[in-house]
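Okay, so here's the structure we're looking at.
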Amino acid sequence: MSNWKIPLFEPDLTEEDALAASAPIRRKWLTMGEETARFEAAFADRLAAPYAVAVSSCTAALHMALLALDIRPGDEALMPSLTFVACANVARAAGAIPLFVDAIGEDEWSISPDDLARKITPRSRVVIALHYAGFPCRMNEILAIAREKNLFVIEDCAHALVSDYAGRACGLWSDVGCFSFFSNKNMTTGEGGMAVARDEAIVERLRWLRSHGMTTLTLDRHRGRAFSYDVRLPGFNYRMDEPRAALGLSQLRRLDANLHRRRELYGLYREALAGVERVTVPLPADARGIGVHIMPIALPPGANREAVMRGLKSRGIQSSIHYPPIHRFTAYRDPSGDAQCPLTEAIAERQLTLPFYPGMSAEEVRSVCRALGEILEGAQ
Ligand SMILES: *Cc1c(COP(=O)(O)O)cnc(C)c1O
């Protein structure tokens, strides 16, 4: 438990979840079992996806996605700089070179199709697009560029659980969609993730990569359906276990009610923030069909963010930053200065993320915005 009066995030966990997660322990079957198969089927059903592959994290899903698409050492993987560093880390792990793409602008923070097109080289093989805060990036334009330049597309759907784009769920527009069930996401299994793909051959490779490249499962051998196995490609242990899958199933049952509440809170925030001078929300007002994940704002130009965060903290309100740009991290800094993302740098200076979770009350939303207004006024 934290001492925050209003934390950045609070997971929605119930007694029902606890019972569900403990059932596999009582059954004495902890991994590679029926809960995982059921969770995959229920998740695929919710997204209207043909297949879903449960994994140990979204990072694992992103890593497997690159390998399933046969991304090789020396290939370039393009991605926004304004995203979580996992995307760059898995590209490096696959031997690929991450190339950082700028944001569209100060009012729209997702990956810029124009800058993407500009940065593609003959060695570019894949784009990892993020649906920031759960709002779809400009998928149509990204897909058109990818088709023209012969690139694969991976969607990082860690925020977009579940978001609709033109009548189809985010994650199903590209070669592989990767979801996270980390504890602060729209639903959680503690650690966990899911990969979705429409191509059966890719799904088969994802399943091999998840479990050492092996062709048969422990459960099949346990049931006497198989006695041995082949190894098709070098894989990992990226599996999800049964208590997590059972928790995921239980969480999935409340997902839509929680998404509804997230959209309500988003509307309340927009209303309350309209009264805070010079603070902007870089997202569309219309959140219909969107699994709003976080509540990012842009502070007024020149505002001292650290002072604002300290002011909020002194009132018991937690805040955060999504994200420090990847191209500024020591591990990814380009000494030649070629990783030009000037808009991302301008955005990153002003970015602040406010508390946002289904258990929040309308009064708490108003009190966060009131505090923000007071702090900004006092700082002038
Ligand atoms: C949370 C997150 C991830 C990583 O998910 P894990 O399940 O923790 O590996 C990747 N990308 C983004 C944008 C995220 O928010």
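We're numbering straight along the sequence, starting at 1. Computed from heavy atoms alone, side chains included, the values below leave out hydrogens, waters and symmetry copies. One-based numbering, in listed order, for ligands and for the atoms of each.
- Looking only at heavy atoms of the protein, atom 11 (N) of ligand 1 is closest to Asp156 OD2, 2.7 Å.
- Near His159, meaning under 4.0 Å from any of its heavy atoms, are these atoms of ligand 1: 13 (C), 15 (O).
- Salt-bridge check for Glu345 with Arg328: passed, with a basic side-chain N closer than 4.0 Å to an acidic carboxylate O.
- Per-residue contacts place Ser57 under 4.0 angstrom from the following atoms of ligand 1 (heavy atoms of the residue considered): 7 (O), 9 (O).
- The closest approach between a heavy atom of Tyr132 and any atom of ligand 1 is not below 4.0 Å.
- Looking at Glu374 and Arg370, no side-chain N of the basic residue comes within less than 4.0 Å of a carboxylate O on the acidic one, giving no salt bridge.
- Per-residue contacts place Cys58 under 4.0 angstrom from the following atoms of ligand 1 (heavy atoms of the residue considered): 4 (C), 5 (O), 6 (P), 7 (O), 9 (O).
- Of the protein's non-hydrogen atoms, the one nearest atom 3 (C) of ligand 1 is Phe84 CD2, 3.6 Å.
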*Would you check, one step at a time, whether the test salt bridge (charged side-chain N to carboxylate O under 4.0 Å, His left out) holds for Glu40 with Arg210?*
CA-CA 14 Å; Glu40 289 178 337; Arg210 169 174 65 176; 2.8 Å; yes
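- Between Tyr332 and Phe100, the two ring planes are perpendicular [angle over 60°; tilted spans 30° to 60°].
- Of the protein's non-hydrogen atoms, Phe182 CB, 3.8 Å is the one closest to atom 8 (O) of ligand 1.
- Between Glu191 and ligand 1, not a single N/O pair is under 3.5 Å apart.
- Those atoms of ligand 1 that come under 4.0 Å of a heavy atom in Gly192, given as number and element, are 7 (O).
- Aromatic pair Phe236/His63: centroids less than 6.0 angstrom apart.
- When only non-hydrogen protein atoms are considered, atom 9 (O) of ligand 1 lies nearest to Thr59 OG1, 2.5 Å.
- For Phe182 and Phe84, the ring centers sit 6.0 Å or farther from each other.
- Contact check for Ile154 versus Cys178: side-chain heavy atoms found under the 4.5 Å cut-off.
- Residue contacts with ligand 1: Leu130 is placed with no nitrogen or oxygen under 3.5 Å of a nitrogen or oxygen of the ligand (distance criterion only).
- Ring geometry, Tyr132 versus Tyr323: the interplanar angle exceeds 60°, so the pair is classed perpendicular (tilted spans 30 to 60°).
- Residue contacts with ligand 1: Lys185 is included, with a non-hydrogen atom under 4.0 Å away.
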